[in-house]
Structure formats: C-alpha cells, structure tokens
Amino acid sequence: MTHLSRQPLSVEALLAAVRDPSRGAVAIFVGDVRNHHGGREVLRLEYSAYEPMAEKECHAIIEDAERRWPVSLALAHRLGALEVGEAAVVVAASASHRGEAFEACRWVIDEVKRRVPIWKREYYADGTVAWVDPTASSGVVAAGQGMAP
Amino acid sequence: MTHLSRQPLSVEALLAAVRDPSRGAVAIFVGDVRNHHGGREVLRLEYSAYEPMAEKECHAIIEDAERRWPVSLALAHRLGALEVGEAAVVVAASASHRGEAFEACRWVIDEVKRRVPIWKREYYADGTVAWVDPTASSGVVAAGQGMAP
Amino acid sequence: VLLFARYAELLGTERTDVPSHPGMTVGDVVSALRARPGGSGLPARPLCAVNLEQAPLGHPLAPGDEVALLPPLAGG
Amino acid sequence: VLLFARYAELLGTERTDVPSHPGMTVGDVVSALRARPGGSGLPARPLCAVNLEQAPLGHPLAPGDEVALLPPLAGG
C-alpha cells in the first residue's frame with residue numbers, strides 16, 4: 001500500500017480499508033489545512049517529501065502500532081499543492097474496543113509528525129511564503145517564492 | 001438538529017458538519033454492528049429508543065462537551081433494523097488541537113453509552129434473540145421473537 | 001406510563017395507565033406495575049424518567065407528568 | 001547527497017555530489033555542504049538519513065550510500 005498521495009484524500013476509503021465486521025470500533029483522525037498560522041492568513045500550502053523514506057516510515061509506524069495494539073490501521077498523507085480546508089493527513093484505526101482504536105489512532109498521528117520526512121511551505125495573504133519549522137520559535141522560516149522542491 | 005436516524009449514517013456528512021477552515025483537527029468515532037457478541041454469531045440487530053428523551057440527551061451531551069472543550073461536535077445514532085457492519089453511531093469533533101478533538105470525541109461516545117435511552121435487540125445465527133444488557137453478567141437477557149418496541 | 005424494550009415485552013404493552021393518588025411517587029408507579037401480569041420480571045429499582053429527565057424512585061408526581069421505565073441502556 | 005525543502009532552497013539544488021574520502025562520515029558531508037555558497041544557512045547538526053534511515057553525524061559512509069539532509073519535519 002502507498003501512504004502518499006497527490007490526489008485528495010478520501011476519508012471513506014480509509015474507513016473502508018480498516019472496517020471489519022468482527023471489530024466494532026473505528027477511530028479516525030483528519031488533519032485539515034488551516035486558514036491561519038502564527039497570526040497570518042494562509043491561502044494555500046505545499047507539501048513535499050523524501051518520498052521513499054516517507055513511505056518507509058509510514059509503513060513502519062503502522063507495523064509498530066499493529067504490534068502494540070490489536071488494531072487494523074490505514075494512513076494517508078497528501079503531497080503537492082493544497083487549498084485551505086483540504087485534508088492533509090487521514091488515519092483510521094479499527095479495534096474491538098474503542099479505547100484501543102482511539103489510542104492507536106492518536107499514537108499514529110503523533111508518530112507521523114515526529115518521524116515522517118515531509119515538509120510544508122505556506123503561502124500567506126500578505127504575499128509572503130515560509131517553511132513551517134516546528135523547532136523555530138515563530139514556527140516558520142522565510143522561504144523563496146520560486147522553486148517547488 | 002436531529003441526532004437519531006432510521007437511514008444509514010454518513011460519516012462524510014458528520015465530518016462536513018464540523019469541518020471549519022479555522023480548525024485543523026477532526027477526530028471521528030464510528031461504532032459498527034459486530035458479527036459476534038458473547039460467543040454467539042450475530043446476524044442483525046434492532047435499535048429502539050425513547051426518542052424525545054434520547055434526542056434531548058444527545059443535545060445535552062454535545063452542549064456539555066462544547067462547554068468543556070473548544071470543539072465543534074456532531075453526533076448521530078441509528079435506530080431500527082441494522083445489518084452486521086453497518087454504523088450504529090458516529091461522533092465527529094473538530095478543534096484547533098488534536099488532543100482536544102480526540103478527548104471530546106471519546107467523552108461524547110462514552111456519555112452516549114452512559115445516558116442516552118437506546119436499546120438493542122440482537123438476532124443470532126442459532127435463531128435466538130436477546131436484549132443487550134451491559135449490567136447483566138452475560139451481557140444479554142433473553143427476548144421474545146415478536147414485538148418490535 | 002411508557003415502557004420500552006424488554007420492559008414493554010414483559011408487560012405486553014408500550015404504554016399503560018396507573019391509577020393516581022395524592023402524594024404518588026415514581027416508586028409507587030413501579031410497585032403498581034410489578035403487581036401486574038408479567039410485571040414480576042421488572043426490577044424493584046429500575047431506571048426511571050419523568051418528563052424526559054432521569055428521576056429517583058422518591059420523585060413526587062404531578063398530574064400530567066410523563067413517567068417512563070427504562071431498561072439498562074444499550075446505545076452506542 | 002539529497003537536499004529537501006528549505007535546504008534545497010539554500011543550496012539551490014535538490015541533489016549534489018561531495019568528493020568522498022576513506023573514513024568519511026555523515027558529518028563530513030554536512031561540513032562540505034556548509035562551505036558551499038548558500039551553505040552557511042545549514043545548521044551544524046541537521047537531521048540526516050543514510051539509505052532511508054535516520055543516521056547520526058558520526059555514521060560512516062560506504063560507496064553508494066544515499067545521504068539526505070532533512071530540514072525540521074513538518075508533516076501531519
């Protein structure tokens with residue numbers, strides 16, 4: 001399975017991938033593109049990735065989670081240009097018990113943020129562009145307008 | 001808004017109801033009809049409710065949760081005859097931070113189970129029928145075949 | 001008085017009347033129903049609601065109150 | 001050596017070569033790139049990967065290894 005997609009993500013498709021009549025509970029996380037960041041109005045953004053490593057890390061996260069909880073998981077991350085309100089990432093976890101479904105779903109999205117090599121460039125209403133950098137005090141670092149890595 | 005439905009539940013519709021471009025995180029819970037319960041194979045089931053009180057409790061749960069967390073919530077519970085694998089309940093919670101979305105979503109489904117007057121009659125592959133009773137040691141109490149309250 | 005799910009099945013009806021008297025409580029309604037045919041299957045202290053709110057057995061009733069006996073909840 | 005996102009922007013390329021020498025480490029690659037035009041914007045200790053696995057700066061390199069410099073991750 002491929003976890004990276006340049007097409008809009010389908011929550012229904014991820015739900016269908018983990019649904020199982022022997023398991024009654026499904027927890028889903030959807031991360032949407034927000035219209036603001038650090039007090040600035042965001043118009044759109046662009047995700048890029050070190051694709052083979054990102055695929056490998058997504059796969060490893062799912063394997064780790066399925067070892068840790070009795071769950072079935074699906075994970076998709078969008079790449080390329082996204083508009084405000086579009087889904088950037090979707091995680092679905094099915095389990096017999098809702099506690100396990102919630103815990104595994106939460107753990108997967110935390111790990112995606114922690115270890116998958118994906119980068120985000122935000123375009124603001126004031127015409128500026130920045131790389132999102134969670135390690136910077138402002139959360140962003142100024143970027144050029146041009147090249148799309 | 002009405003929270004009880006005799007039609008199949010749409011996860012996409014509940015997701016759309018809470019999505020908001022100023023909030024990036026959506027957590028969803030889907031509770032599906034399982035194909036087994038207490039070691040018996042379930043063929044289908046029937047949900048009934050004290051409908052005006054159930055609507056009122058669902059509404060109160062959402063108000064309570066929206067007071068407790070900065071979230072926007074949607075909740076739907078199915079009534080009537082359901083097949084194995086169909087969604088019985090769907091909760092969607094949007095927030096600026098994923099922790100709040102997960103916590104509110106989890107709290108709402110826990111409260112639905114705790115205080116909404118809904119009952120479930122299960123039909124088994126061996127021809128028997130039982131009322132689901134979480135307070136009984138076996139989890140069920142034998143039921144008649146006939147009347148659908 | 002409204003009855004649901006297994007309780008409706010036990011009493012053979014989803015709705016019945018209980019003769020009222022001054023000072024009547026929810027518990028009096030439960031006792032009257034337990035004395036009916038099939039009513040022995042009702043617990044002594046079922047979950048009850050008055051006017052769409054959960055109410056204890058000692059809750060006093062006024063004319064026109066909607067009383068409901070609720071089997072153990074099984075939603076979600 | 002592969003460069004991504006802001007690091008590719010700083011160096012003006014997504015892929016470059018660094019002359020290899022025996023005993024070369026990931027840290028040696030980083031130092032060589034920091035000496036390039038635009039390279040002063042690279043941190044002294046960036047996140048790095050060798051053959052799709054995160055690797056410390058002391059990681060020794062073998063011929064054919066794929067080295068990548070990863071800006072702070074921002075997925076999800």
Side-chain angles (χ1 to χ4, degrees), chain B residues 3-4 29-33 37 45-61 75-79 87-91 106 108-122 129-136 139-149, chain C residues 1-18 24-34 36-76:
Chain B
H3 302 289
L4 305 176
F29 177 79
V30 182
D32 286 334
V33 176
H37 185 210
L45 54 74
E46 234 171 60
Y47 278 106
S48 57
Y50 181 11
E51 296 192 27
M53 182 174 171
E55 284 285 2
K56 187 168 163 281
E57 288 290 343
C58 287
H59 187 73
I61 289 167
L75 162 62
H77 201 296
R78 181 88 180 271
L79 295 182
V89 61
V90 181
V91 180
R106 176 78 197 265
V108 167
I109 183 64
D110 288 352
E111 288 297 295
V112 167
K113 287 173 184 276
R114 200 177 69 77
R115 67 194 226 206
V116 180
I118 292 180
W119 300 281
K120 177 158 64 171
R121 186 154 62 171
E122 291 181 336
V129 185
W131 293 105
V132 172
D133 179 350
T135 70
V140 297
V141 175
Q145 303 276 341
M147 190 185 64
Chain C
V1 181
L2 303 179
L3 298 162
F4 294 94
R6 194 170 81 88
Y7 296 172
E9 207 175 70
L10 287 169
L11 276 293
T13 182
E14 296 178 41
R15 175 185 287 268
T16 186
D17 290 309
V18 171
M24 195 177 199
T25 64
V26 171
D28 295 333
V29 171
V30 171
S31 300
L33 292 174
R34 294 184 79 215
R36 299 257 178 104
S40 61
L42 291 176
R45 306 185 60 80
L47 191 63
C48 294
V50 176
N51 301 331
L52 311 184
E53 295 271 4
Q54 287 190 29
L57 294 184
H59 187 91
L61 294 174
D65 278 352
E66 179 172 291
V67 181
L69 269 64
L70 314 177
L73 307 185

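Because the structure is a prediction, the values reported are computed rather than measured. Letters A, B, ... mirror the listed sequences (proteins, then strands); counts begin at 1.
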**Request:** Would you check if C/Phe4 and B/Met53 make a side-chain contact, meaning some heavy-atom pair closer than 4.5 Å?
**Result:** no

**Prompt:** Which one, B/Val141, B/Val112, B/Ile109, B/Val89, leads in non-hydrogen pairs under 4.5 Å with chain C?
**Reply:** B/Val141

**Request:** Please flag which part of B/Val116 lies under 4.5 Å from any non-hydrogen atom of chain C: side chain, backbone, both or neither.
**Result:** backbone

**Prompt:** Less than 4.5 Å apart, any side-chain heavy atom of C/Pro46 and any of C/Val30?
**Reply:** yes

**Asked** Side chain, backbone, both or neither: which part of B/Lys113 has an atom under 4.5 Å from a heavy atom of chain C?
**Response** both

**Item:** Full working for side-chain contact (heavy atoms from CB on, under 4.5 Å) between C/Leu33 and C/Leu3
**Value:** CA-CA 10 Å; C/Leu33 292 174; C/Leu3 298 162; 4.2 Å; yes

**Item:** Atom group of C/Leu47 that falls short of 4.5 Å from chain B, counting heavy atoms
**Value:** neither

**Item:** Value rounded to 0.5 Å, distance of CZ in C/Arg6 from CG in C/Leu11
**Value:** 10.5 Å

**Request:** With a 4.5 angstrom heavy-atom cut-off, could you sort out which part of B/Arg78 is near chain C: side chain, backbone, both or neither?
**Result:** neither

**Carboxylate-amine/guanidinium proximity below 4.0 Å for B/Arg114 and B/Asp110** = no

